[in-house]
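First the structure, then my questions, so here it is.
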Amino acid sequence: MEQHHGDGPRSPVKEKPVMSNIGKSTNILWHNCPIGQSDRQKLLGQKGCVVWITGLSGSGKSTLACALNRELHYRGHLTYVLDGDNLRHGLNRDLSFKAEDRAENIRRVGEVAKLFADAGIICIASLISPYRRDRDACRALLPDSKFIEVFMDLPLKICEARDPKGLYKLARTGKIKGFTGIDDPYEPPVNGEIVIQMKDGECPSPKEMARQVLCYLEENGYLQA
Ligand SMILES: Nc1ncnc2c1ncn2[C@@H]1O[C@H](COP(=O)(O)OS(=O)(=O)O)[C@@H](OP(=O)(O)O)[C@H]1O
Ligand SMILES: Nc1ncnc2c1ncn2[C@@H]1O[C@H](COP(=O)(O)OP(=O)(O)O)[C@@H](O)[C@H]1O
């Protein structure tokens, strides 16, 4: 992040630094390093960005994240996967599934993803991220088309039939409350960059889904510095 992110004006060089107040942090100063994002991108031969995969539980988010990660890795690109389920084992272990905790979950992951993108890495984030407002807030953190939203547009019926963790069954019998798609909302993206859909009643294979995203990255210049 080479630009100044404070509330106040940019600190003039060799003049008294201008302190900022951000949230509960008072008297803080943005420090710029001489090696920046463009230097790291040149080193890596790619553009740092965030591929944000959203969709219902069981829609294939993690499957796509892993398949895309593999394809990019074998083509020599540096990637990192941020998976909602995994992050809830650590960074986000204090968060529940109520709306405000989901919002905080997405905010934190958005900020982490922004750091990865700034590092020049192709960051693949796969989270249900059910609220449009929370996803849009992440998009706003990543200007210049660095936020690529991928919607897993699979019907609830398919996701529920897969039910690899048995969670839909628990939700249907009331043993899990507030389960996305059952008794908690999911707001689909309106203008996302990529939509993964069934074709002729068939779900694309993991490799096909990954190729769809890969083509987008290639066509839009992310796979070169
Ligand atoms: N109530 C409820 N609703 C939805 N999902 C639930 C819930 N309780 C547990 N799980 C499990 O948590 C995984 C989703 O975590 P996320 O961090 O991606 O969710 S969110 O973005 O904060 O909505 C999700 O993983 P995926 O199935 O991979 O989506 C579930 O395994
Ligand atoms: N394209 C696909 N075709 C067939 N099965 C899939 C596909 N994508 C995912 N699956 C299967 O569906 C289940 C849920 O996938 P997963 O990636 O865990 O979804 P999510 O991360 O959205 O919860 C898994 O059992 C997975 O193997």
Side-chain angles (χ1 to χ4, degrees), residues 41 44-92 105-106 109-110 112-117 119-130 135 138-139 142 145-168 180-181 186 188-189 191-225:
Q41 293 189 154
L44 293 167
Q46 61 186 40
K47 289 195 183 79
C49 61
V50 176
V51 177
W52 189 279
I53 307 171
T54 172
L56 293 172
S57 177
S59 58
K61 300 182 298 295
S62 305
T63 303
L64 169 56
C66 288
L68 178 63
N69 190 39
R70 189 188 308 118
E71 289 286 327
L72 285 166
H73 181 82
Y74 287 133
R75 286 166 188 241
H77 293 288
L78 187 60
T79 55
Y80 196 80
V81 175
L82 297 173
D83 187 274
D85 236 338
N86 293 356
L87 293 170
R88 282 176 176 276
H89 284 73
L91 177 68
N92 295 329
N105 183 28
I106 301 317
V109 179
V112 173
K114 178 181 172 174
L115 294 176
F116 275 102
I121 293 168
I122 298 171
C123 179
I124 305 164
S126 59
L127 297 99
I128 295 179
S129 40
R135 295 192 303 266
C138 291
R139 182 184 287 278
L142 287 143
S145 312
K146 287 192 173 285
F147 183 87
I148 301 151
E149 195 172 22
V150 182
F151 173 35
M152 304 299 295
D153 187 13
L154 269 84
L156 172 66
K157 217 173 142 185
I158 300 280
C159 302
E160 194 169 352
R162 288 177 173 170
D163 205 10
K165 304 171 201 158
L167 296 178
Y168 280 103
T180 307
Y186 179 80
N191 279 316
E193 282 71 15
I194 301 170
V195 182
I196 304 284
Q197 278 177 323
M198 314 240 306
K199 282 182 199 102
D200 306 321
E202 296 265 331
C203 188
S205 71
K207 203 162 185 158
E208 283 166 342
M209 299 194 295
R211 288 199 70 80
Q212 194 177 330
V213 181
L214 206 62
C215 283
Y216 181 91
L217 294 176
E218 240 162 21
E219 282 165 14
N220 289 278
Y222 294 93
L223 304 186
Q224 58 200 45

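Given the structure is predicted, the values throughout are model-derived calculations rather than measurements.
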*Measure the shortest side-chain to side-chain distance between Met152 and Ile53 over non-hydrogen atoms and say whether it is less than 4.5 angstrom.*
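Heavy-atom side-chain distance check passes, below 4.5 Å.
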*asked:* If you define the side chain from C-beta out and look only at heavy atoms, does anything of Gln212 sit under 4.5 Å from Leu64?
replied: no
*asked:* Evaluate Asp85 against Lys165 for side-chain contact (heavy atoms from CB on, under 4.5 Å), listing each step before the verdict.
replied: CA-CA 12 Å; Asp85 236 338; Lys165 304 171 201 158; 2.7 Å; yes
*Roughly how far, to the nearest 0.5 Å, is SG of Cys159 from OH of Tyr186?*
10.0 Å
*asked:* Within this structure, what is the CZ-SG distance for the pair Phe147 and Cys138, rounded to the nearest 0.5 Å?
replied: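 So the CZ of Phe147 and the SG of Cys138 are separated by 5.5 Å.
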*Should we say atom CZ of Arg88 is surrounded by more than 12 heavy atoms from elsewhere, each under 6.0 Å from it?*
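More than 12 within 6.0 Å, yes.
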*Who are the side chain to side chain contact (heavy atoms under 4.5 Å, CB included) partners of Leu44, not counting sequence neighbours?*
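For Leu44, the residues satisfying side chain to side chain contact (heavy atoms under 4.5 Å, CB included) (neighbours in sequence not counted) are Gln46, Leu78.
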*In Å and rounded to the nearest 0.5 Å, what is the OG1 to CD1 distance from Thr54 to Ile196?*
12.5 Å
*Among residues two or more places apart or on two chains, list those pairs meeting salt bridge (charged side-chain N to carboxylate O under 4.0 Å, His left out) that have a residue in residues 193-210.*
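Listed once each, the pairs are Glu71-Lys207, Arg139-Glu193.
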*asked:* I'd like to check Leu56 versus Leu154 (side-chain heavy atoms, cut-off strictly below 4.5 Å). Are they in contact?
replied: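 A side-chain contact under 4.5 Å is absent here.
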*Asn105 side chain to Val109 main-chain N or O, any donor-acceptor pair under 3.5 Å?*
no
*Please list, chain by chain and in numerical order, all residues satisfying side chain to side chain contact (heavy atoms under 4.5 Å, CB included) with Pro164, sequence neighbours excluded.*
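So Pro164 forms a side chain to side chain contact (heavy atoms under 4.5 Å, CB included) with Arg162.
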_With rounding to the nearest 0.5 angstrom, report the CD1 to CG distance, Ile158 to Asp153._
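Ile158 CD1 to Asp153 CG: 11.5 Å, rounded to 0.5 Å.
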Anything under 3.5 Å between a donor and an acceptor, one on a side chain of residues 119-127, the other on a protein residue two or more places apart or in another chain? List them.
from, atom 1, to, atom 2, distance (Å)
Ser126, OG, Asp83, OD2, 2.9

Validation: residues 216-225 side-chain donor-acceptor distances under 3.5 Å, sequence neighbours left out:
from, atom 1, to, atom 2, distance (Å)
Glu218, OE2, Arg75, NH1, 3.1
Asn220, ND2, Tyr216, O, 2.8
Tyr222, OH, Ser145, O, 2.3

_If the condition is side chain to side chain contact (heavy atoms under 4.5 Å, CB included), which residues does Thr63 pass it with, not counting sequence neighbours?_
Pro206, Met209
*Point-to-point distance, once rounded to the nearest 0.5 Å, from OH of Tyr80 to CG of Leu115*: 13.0 Å
*Atom CD1 in Ile106, atom CD1 in Ile128: separation rounded to 0.5 Å?*
9.0 Å
*asked:* Do Leu82 and Val50 have side chains that approach each other closer than 4.5 Å (heavy atoms only, starting at C-beta)?
replied: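 No, every pair of side-chain atoms sits at 4.5 Å or beyond.
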*Ser57 backbone acceptor or donor facing Tyr168 side chain under 3.5 Å*: yes
